[in-house]
Number of protein chains: 2
Amino acid sequence: MADKRPAGNSDTAQVILNKSLPLFARSGYAGVSMRDIAKAVGISGAALYHHYPDKQSLYVAAMAHAFADKASSIQSALGNTGSPEQRLERFVTSFTKQMASDPDFRALLHRELLDGDEKRLKLLAENVFIEPFKAIKQLAQEMALDCDAHLLAISMAGLILFHFETQAIRRYLPGGLKKHNDPKVIAQHVISLLTGAIGSGSRQ
Amino acid sequence: MADKRPAGNSDTAQVILNKSLPLFARSGYAGVSMRDIAKAVGISGAALYHHYPDKQSLYVAAMAHAFADKASSIQSALGNTGSPEQRLERFVTSFTKQMASDPDFRALLHRELLDGDEKRLKLLAENVFIEPFKAIKQLAQEMALDCDAHLLAISMAGLILFHFETQAIRRYLPGGLKKHNDPKVIAQHVISLLTGAIGSGSRQ
DNA sequence: GTCTATAGCCTGATAGAC
DNA sequence: GTCTATCAGGCTATAGAC
């Protein structure tokens, strides 16, 4: 209850995070200056240093903020009722929709995978991805007993994310249509692929 | 035969590209300075401007250089002999091995997907990816007549690339083993998934 | 908690000698 | 074709008034 505000907890500190996130998502750590952030927030550059000791701390706080809610919302998509097939369908549909609706999160995720140092990746894994990953892995295990669940869980995520990652370039590749960016179409495709409908030559 | 050297064709110009590529791959465009590149090449910063008019031109030339050979080597993995299943196996195995052996190329590819402007992405698509993509799409079409070939072709690439993209963070996720980074293991997993062995519950 | 002013360094790029 | 020297401006971060 004490009105303590250790760096990052004040109201302005939250605004700074919310305003800096889209900048970091679009231009990356090195591509965003403290002046850019200050301008977006509407305060002077010096004021930023009252809330965060340096640029790196601000960045790490912004990342933590961006990923904080994701863990639970991804995991809640899984649930644990119904058959594995039903749970797969539910997960893929929900995860695809969530990723479609948050381009900034996707960009930050890919940037962290590219540039995150050991410490940041460990933090990200342990605070965000471990729990949902466990649930996906559990689902993978039930679906394919003879397949490495870790590999399959990664494949499930990659299958969805890569369609968004390539959104910009697919415009220039043959057969690229608007509907390929529709989360419903992507989800249906991924589900049918994962349920083995494609290789076996039967229906989707 | 005339010894013309329009910027970028001299010997030093090639060395500049080769030395700058790993820097751009690891730190991105904004994370690398002209001085960094000059130091890596072993010349002064000013000398760089004799070969390329500015940083952006150098970067674009470096990208073109990095992607130049890839198109044919990816495509050659496909060939057009054998059954679709055989061609799939050949493609996945070869593509996985190629990606495993070239982390810099992977990083550059992901950076371009994140940061490439319309012009660069169009160039990349038309000069590098269109032809191999067509071949993969053709293969996808033969394998699954009732499935959107464009979607399936993207899925095939993403299925492979995401395992490498997550190499660093999988260390901290449950069930992550060294063998999951082995291109042979990844390829085998992807092939068995694509041939429908997983969802149908039969073995790989 | 925010401001203006500024230190000190790094940036992309140029000038001109050799 | 490469060098040294340099410019003009941007960068992170700090000092000190309010």
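Keep in mind that the numbers below use all heavy atoms, side chains included, and drop hydrogens, waters and symmetry copies. In what follows, chains carry the letters A, B, and so on, assigned in the order in which the sequence lines appear, proteins first and then strands, with residues in each chain numbered from 1.
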Q. Who are the ring-ring contact (aromatic ring centres under 6.0 Å, His included) partners of Tyr49(A), not counting sequence neighbours?
A. none
Q. What's the CD1-C1' distance between Ile37(A) and dG10(D), to the nearest Å?
A. 15 Å
Q.
With a 4.5 Å cut-off on side-chain heavy atoms, are Ile43(B) and Val15(B) touching?
A. no
**Q.** Distance, rounded to the nearest Å, where Asp11(A) contributes CG and dT2(C) contributes P
**A.** 10 Å
Q.
Using OP1 and OP2 only, check whether a side-chain N or O of Thr12(A) sits under 4.0 Å from dG1(C).
A. no
Q. Charged N to carboxylate O under 4.0 angstrom, Arg26(A) versus Asp115(B)?
A. no
**Q.** Set of ring-ring contact (aromatic ring centres under 6.0 Å, His included) partners for Tyr29(B), sequence neighbours left out
**A.** Tyr59(B)
Q. Would you say Lys122(A) has more than 12 foreign heavy atoms packed within less than 6.0 Å of its NZ?
A. no
Q | Length of the CD-P vector between Gln14(B) and dG1(D), whole Å | A | 13 Å
Q: Going 5' to 3' through nucleotides 10-17 of chain C, assign each nucleotide B (protein heavy atom under 4.0 Å from a base atom), S (under 4.0 Å only from sugar-phosphate atoms) or - (no protein heavy atom that close).
A: -BBBBB--
Q.
Quick check on the 6.0 Å ring-centre criterion: do Phe133(A) and Phe129(A) meet it?
A. no
Q. When you measure from the side chain of Ala47(B), which nucleotide among dC3(D), dG1(C), dG1(D) comes out closest?
A. dC3(D)
Q: Would you tell me if any nitrogen or oxygen in the side chain of His50(B) comes within less than 4.0 Å of OP1 or OP2 on dG1(D)?
A: yes
Q.
Tell me whether the side-chain N/O atoms of His51(B) come closer than 4.0 Å to OP1 or OP2 in dT2(D).
A. yes
